[in-house]
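The structure appears right after this line, and notes come after that.
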Number of protein chains: 2
Amino acid sequence: MATLREVADKAGVSMPVVSAYLRGSKTVRMSEDTRRRVAAAIDEVGYVPNLAARSLRTSRTNVIAVVVPKLDNPALAEMLRGIYDAAQELGYVVMLGDAARLTSGSQMLEHLLAHGTVDGVIVRRSSSLDTRVLADMAERGLPVLFLDDESLHDFTWLALDDAAGIRLATSHLIDLGHVQIDFLGGLDPIPAAEFTRIRYEGYVTALKERGLAPRPPIMSGQAPEDGYEAFSSLVAPRVADRRKDAPTALVVNNVTTATGVLAAAYDAGISVPGELSVVGYLDTAAASMARPRLTTVRMPMYELGHRGVAALSEIVKGEHVRSAVLADIAPTLIRRDSTAPPAGQK
Amino acid sequence: MATLREVADKAGVSMPVVSAYLRGSKTVRMSEDTRRRVAAAIDEVGYVPNLAARSLRTSRTNVIAVVVPKLDNPALAEMLRGIYDAAQELGYVVMLGDAARLTSGSQMLEHLLAHGTVDGVIVRRSSSLDTRVLADMAERGLPVLFLDDESLHDFTWLALDDAAGIRLATSHLIDLGHVQIDFLGGLDPIPAAEFTRIRYEGYVTALKERGLAPRPPIMSGQAPEDGYEAFSSLVAPRVADRRKDAPTALVVNNVTTATGVLAAAYDAGISVPGELSVVGYLDTAAASMARPRLTTVRMPMYELGHRGVAALSEIVKGEHVRSAVLADIAPTLIRRDSTAPPAGQK
DNA sequence: CTGAAAGCGCTTACAG
DNA sequence: CTGAAAGCGCTTACAG
C-alpha cells in the first residue's frame with residue numbers, strides 16, 4: 001500500500017508538496033514540472049489516499065449520514081435527489097441509513113456518535129427514532145438536522161408547509177362542491193407525531209374558512225395496508241349504505257396510504273370519483289399509475305433535501321441555524337382522475 | 001474532546017487497559033475494581049472513541065458499503081433486511097449508496113476507493129455501474145461482491161436462480177391451459193444486462209419442456225411507465241383486435257413493470273384475468289394492493305442479502321469465494337387474482 | 001499481568 | 001517557496 005512518503009520520494013519532492021497537490025491547494029504553488037512529476041509518481045506507485053489518516057488529522061470526514069424511515073418510501077426519492085445534489089455541491093459524501101436500524105446501543109448509533117466517522121446527520125422524521133437515541137445525539141453534541149418534523153425543541157429542523165399543502169387539497173374538494181369531507185390518516189401509530197396533527201389542522205382551517213364543519217380524523221397508519229384497513233372498516237360501510245353522514249370526499253394524509261384506500265374502495269364496489277373523491281398528499285409515480293389516477297398535492301421535496309444539507313453544513317461549521325418551515329414555495333395541486341364534483345351535481 | 005489518555009489518567013490505569021476495556025478484550029484480564037474505575041472515568045469525561053484513529057491503526061473500519069440502483073425499488077426492501085441482519089451479526093455497519101451517484105470521478109467513488117473508509121462493497125446489479133467504475137474497483141483491489149448479476153468474470157457474485165423463478169411463473173400459466181404466452185420486459189435498456197437474458201431463457205425452457213413454442217420477448221424497461229408504454233403499444237392492440245396470435249397470458253420480468261401493465265390493460269379495456277392472465281416476477285406489497293391482485297413469484301431476496309454479506313466478509317478476510325446461484329432455495333408461486341384459465345376454457 | 005514506546009498515514013504550523 | 005518535525009488518537013507488539 002503506497003503512502004505519501006513513497007510518492008514524495010519517487011517524485012523527488014517532500015510530502016507536503018504531494019499533499020498539497022492531492023488536495024488541489026491554491027496557496028501552495030508548484031511548477032508545472034513538479035506537478036507532472038508528482039502526478040507520474042502517484043500513477044506509478046498506484047497511490048490511494050488513506051482517509052482515516054486525513055480525518056484523524058483534520059477532524060473532518062466530509063461524510064454526512066442521512067437516516068430515513070422506510071427506505072423504499074417513493075415519496076422520499078425526490079428528497080434524496082435534493083440531498084445528493086446539495087451534498088455534491090458542498091463536497092460531502094452521503095451515507096444512507098435505515099432509521100429502523102438506528103436503535104439504542106446499535107452498531108450504527110455507535111458509529112454515528114463516534115468521532116472521525118461522520119460530520120453530521122440528517123434525520124427524516126424524529127418519531128421514527130427512540131427518544132434515548134435522540135438524547136444520546138444531543139448529549140454528544142453531534143450536528144443533527146431534522147427534516148419535515150416540527151416537534152423538536154432541542155434540535156434544528158426544516159419542514160414542509162404541511163398545513164398549506166393539506167389546505168390546498170381540502171380547498172380543491174370544496175371548490176368541486178363537496179361539503180362532507182373526511183380526513184384519513186389522522187394520527188400516526190407512533191405517539192407524538194406532530195406532523196400529522198399539523199396536517200389535520202390544515203384540513204380544519206380549509207373547512208372553517210369556507211364555513212364548513214370539520215369532522216374528526218379517521219385514524220390510519222401510513223402503509224397501503226393501513227389505508228386499506230381503515231377505509232374498509234371505517235369509511236366503506238357508511239358510503240355503501242348511503243348514510244346521511246357519509247363523506248363524499250376524502251383527504252388522505254399520504255399517497256402511499258391513498259393507494260390502499262383506492263384498492264379498498266374498489267373491493268367495496270365504491271366508485272371513485274363517482275361516489276367518492278380522493279386526494280392524496282405528496283406526489284409519486286404510483287399516483288399516476290393508480291386507476292383512477294390519483295389527484296395529489298405536490299410538495300417541494302427536492303428543496304427540502306437540498307436546503308437540509310446546506311443547513312447541516314452550517315451547523316457543522318458551528319453556525320447557528322434557525323428551524324424553519326419552507327413556506328416560500330407554494331404547494332401544487334396535481335389534478336388527475338380521482339376527484340370530481342359530488343354525485344348529483346355534475 | 002476527551003481522549004483515551006484522559007480516561008486512563010482519571011482511572012489511574014494505562015491507556016492499553018482502557019483500550020482493552022472498550023474493545024471488550026478477552027485476552028486482557030482486569031479486576032472488577034479496575035473495570036469499575038475505567039467505566040466511571042469514561043462516563044465522567046464523556047469519552048467517545050475516535051474511529052478514524054482506530055481505523056488508521058488497525059486498517060479496518062467495520063463499515064461496508066451497499067450500492068443499489070433505484071433506492072426506492074420495493075423489491076429490494078427484503079434484500080436490504082437480509083443485508084442489515086447479516087451485517088449486525090458480523091459486526092458491520094452498513095452504508096447505503098445510490099448507484100446513480102457512483103459515477104466515474106464522483107466523490108462517492110473516491111470515498112469507496114480510498115483506504116480507511118470501508119472494508120468492502122456490495123453492489124446490486126453491475127449494469128447500473130459505469131465500466132470505468134468497475135475497472136477502478138478491480139484495479140484498486142477493493143473487496144467487492146455483486147448481487148444478482150451473473151455477467152461478471154472479474155468479480156465474485158451471488159445470484160438468484162432467475163431461470164427457475166421465471167420457469168415457475170411460465171409453468172403456472174401453462175398449467176392453467178395457456179398456450180400463447182408472451183414474455184414482457186425482454187431486455188433492459190442498459191446493454192449487456194445478462195440477467196434479463198437469463199430470465200427470458202427460463203421462459204423459453206418452460207415452454208419447450210411442455211412442447212410449446214416460445215415467442216420473441218417484448219422489450220420493456222423496468223419502471224411502471226415502461227411497462228405501461230410497452231404493453232399499450234405492443235400488446236394491447238393485438239389482444240383488443242382478438243388477433244389469432246394475441247397472447248392469452250403474459251410473464252412480466254418484474255412486479256414493478258407489471259404494475260404498469262395492469263394500468264395499461266385497464267385503460268385499454270382489457271380484462272385481467274378474463275382476457276389476459278398476468279404473472280409478475282418478484283413479490284412486493286404493491287402486488288397485493290394492485291387490482292386485480294397480482295400473481296407473482298417470490299424469490300429468496302432476504303437470503304440473497306444475508307449470504308451476500310457473509311461472502312463479502314470472507315473476501316475482506318482474503319479468502320477465496322466462489323460465485324454462485326442460490327439454487328438451493330426454491331422459488332414460490334404466490335397465486336392471487338391476475339391469472340386464470342384462458343377464456344372459453346373455464 | 002502491567003506500562004512505556006512505536007507507529008498507522010496524513011496535514012499543518014514552523015523554521016530555513 | 002520548500003522541507004523537517006510534530007502530532008491527530010488510537011492499538012499492539014515488547015520489555016519489565
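In what follows, chains carry the letters A, B, and so on, assigned in the order in which the sequence lines appear, proteins first and then strands, with residues in each chain numbered from 1.
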Once you round it to whole Å, what is the distance between C1' of dC8(D) and CG of Leu51(A)?
15 Å
Quick check: on DNA chain C, is the nucleotide nearest Leu56(A) upstream (toward 5') of the one nearest Arg5(B), or the reverse? Name the residue that is more 5'.
Arg5(B)
Any salt bridge between Asp136(B) and Arg132(B), counting N to O under 4.0 Å?
no
Rounding to a whole Å, what distance do you find between Tyr21(A):OH and dT2(D):P?
15 Å
Please give the nucleotide sitting opposite dA13(D) as a Watson-Crick or G-U wobble pair, both distances under 3.5 Å, or none.
none
Mind calculating the distance between CZ (Arg57(A)) and P (dT12(C)) to the nearest angstrom?
6 Å
Roughly how many Å is it from CZ in Arg60(B) to P in dC10(D), rounded to a whole number?
19 Å
Can you tell which of dG9(D), dT12(D), dC8(D) lies closest to the side chain of Thr58(B)?
dT12(D)
Here the distance between atom P of dG7(C) and atom CE of Met1(A), to the nearest Å, is 16 Å
Looking at Arg23(B), I'd like to know whether one of its side-chain N or O atoms comes within less than 4.0 Å of OP1 or OP2 on dT12(D).
yes
Measuring to OP1 and OP2 of dT2(C), would you say a side-chain N or O of Ser14(B) lies under 4.0 angstrom away?
no
Spell out, as yes or no, whether a donor-acceptor pair under 3.5 Å connects the side chain of Ser55(A) to the backbone of Leu51(A).
yes
Judged by each residue's nearest nucleotide on DNA chain D, which is more toward the 5′ side, Met15(A) or Ser31(A)?
Ser31(A)
Roughly, in whole Å, what's the span from CG in Asn62(A) to P in dT11(C)?
12 Å
Under the 3.5 angstrom rule, does the side chain of Arg37(B) hit a backbone N or O of Ala11(B) as a donor-acceptor pair?
yes
Proximal nucleotide (of dG3(D), dG3(C), dG9(C)) relative to the Val17(A) side chain
dG3(D)
Counting only Watson-Crick or G-U wobble pairs whose two distances fall under 3.5 Å, which nucleotide matches dA4(D)?
none
Under 4.0 Å between a side-chain N/O of Arg54(B) and OP1 or OP2 of dC8(C), yes or no?
no
Looking at Arg60(A) and Arg54(A), would you say the former's side chain and the latter's main chain have a donor-acceptor pair under 3.5 Å?
no
Residue pair Met95(B) / Thr117(B), side-chain heavy-atom distance below 4.5 Å:
no
Ignoring backbone atoms, establish whether Tyr47(A) has a side-chain N or O less than 4.0 Å from OP1 or OP2 of dC10(C).
yes
Separation of dT12(D) atom C1' from Leu22(B) atom CG, nearest Å, is 15 Å
Can you tell me how far C1' of dA5(D) sits from CG of Leu4(A), to the nearest Å?
15 Å
